[in-house]
Amino acid sequence: MFSGLSAFPITPMNETGVDEAAFGRLVRRLAAAGVDSIGALGSTGCYPYLTRAERARAAQLAVEYADGVPVMVGIGALRTRDVLELAEDAQKAGASAVLLAPVSYHSLQAEEVYGLYENVTRNLSIPLCVYDNPGTTRFNFSDELHGRIAQLPNIGSIKIPGVPADPAAAAERVARLRALIPASVTLGVSGDWFGAAGMNAGCEAWYSVIGGLFPRTTLAIARAAQAGHADAATQLSERLRPYWDLIARHGGSLSITATALEILGLVQHPCLPLPLTALVDADRAELAKLIETLELA
């Protein structure tokens, strides 16, 4: 469940609701490509923009169309009460795991974050992946806090936001955190440009947005890293440097992912909840050219 490539698709939607047919196509496409797991309702899945009923339905659809591939469902919300309800919905839908970030409007303290995970894991019958995403939540986990949370029941993995660029420093970062967590808890890297570096440094999983968009391209990188071919994984990732640069210029991958899916004809326009929008004009043309020249698939 918590190793290899975990692919995170968007949840296509407009102002009237989720495009269930398009979402089903995206999930089926990932399953057919051979990804190791599917992350529904992650940040790229736009979970904060959906009602509880819409999230429950998306979880059901993801499990249905995954055709046996394990599905992890995001359950982040502002209130612990709501997180518990979303966890129950995910479990009823047949999810294999849940993903939880410490979502907040007011800044959270370490003990409050620990209390969140303590409350939720106590009420779970499936594993939980800790979502360390300071760019969105503005909460910075300490290694000590990760170690405490990892001791709770039903913790299966920690999704870290990246690793240092230097291979030795990356390996030291992973080793330092691993020393504080049980052997049963895996480490997974996110931030797609860190994927190869994180897996080469010893992360068991890659929690990937580009994996939910171009699964075959991403699988080639992940499988090289898993096989111990660090140089090959790095070279495959560096080949995508123009794509990583495009993400950096736009401050994130969501609009790029949505635009790419529109270009590929996999979703209808618009596929993001307002005020979010896809790329237009020159940016859209640049992305279309990159998809072609980099042979992304």
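In this chain, residues are counted from 1 in sequence order. Below, each value reflects all heavy atoms present in this structure, side chains not excepted, and no hydrogens, waters or symmetry copies.
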Would you call [X]-[Y] a salt bridge at under 4.0 Å N-O?
X	Y	result
Arg241	Glu238	yes
Asp143	Arg173	yes
Glu85	Arg79	no
Asp89	Arg55	no
Arg148	Glu111	yes

Side-chain contact test, heavy atoms from C-beta onward, threshold under 4.5 Å: evaluate it for [X] versus [Y] and give yes or no.
X	Y	value
Glu262	Arg284	yes
Asp19	Asn14	no
Val103	Pro48	no
Val98	Leu100	no
Met72	Phe8	yes
Tyr47	Ile75	no
Leu296	Leu240	yes
Val27	Leu30	no

### Aromatic ring pairing Phe214/Tyr243, orientation class (parallel under 30°, perpendicular over 60°, tilted between)
perpendicular
### Message
Using the rule side-chain hydrogen bond (donor to acceptor under 3.5 Å, both in side chains), only one of Ser190, Ser157, Ser6 pairs with Tyr207; which is it?
### Response
Ser157
Taking all non-hydrogen atoms of both residues, which atom of [X] and which atom of [Y] are closest, and how far apart?
X	Y	value
Leu26	Ile10	CD1-O, 3.9 Å
Val113	Pro102	CG2-CB, 4.0 Å
Glu112	Ser107	OE1-O, 4.1 Å
Ala31	Ala66	CB-O, 3.4 Å
Ala205	Ser3	CB-CA, 3.9 Å

### Query
In this structure, are over 12 heavy atoms from other groups packed under 6.0 Å from Glu295 atom CD?
no
### Query
For Glu286, does the CD atom have more than 12 heavy-atom neighbours from other residues, nucleotides or ligands under 6.0 Å away?
yes
### Message
With side chain to side chain donor-acceptor pair (under 3.5 Å) as the criterion, how do Thr121 and Asn154 come out once you've worked through the C-alpha distance, each side chain's angles and the decisive distance to 0.1 Å?
### Response
CA-CA 6 Å; Thr121 54; Asn154 294 315; over 6 Å; no
### Message
Restricting to salt bridge (Lys or Arg N to Asp or Glu O under 4.0 Å), what partner residues turn up for Asp36, sequence neighbours left out?
### Response
Arg223
### Task
Could you work out the complete set of other residues in the hydrophobic cluster of Leu274, with links drawn between I, L, V, M, F, W and Y side chains under 4.5 Å apart?
none
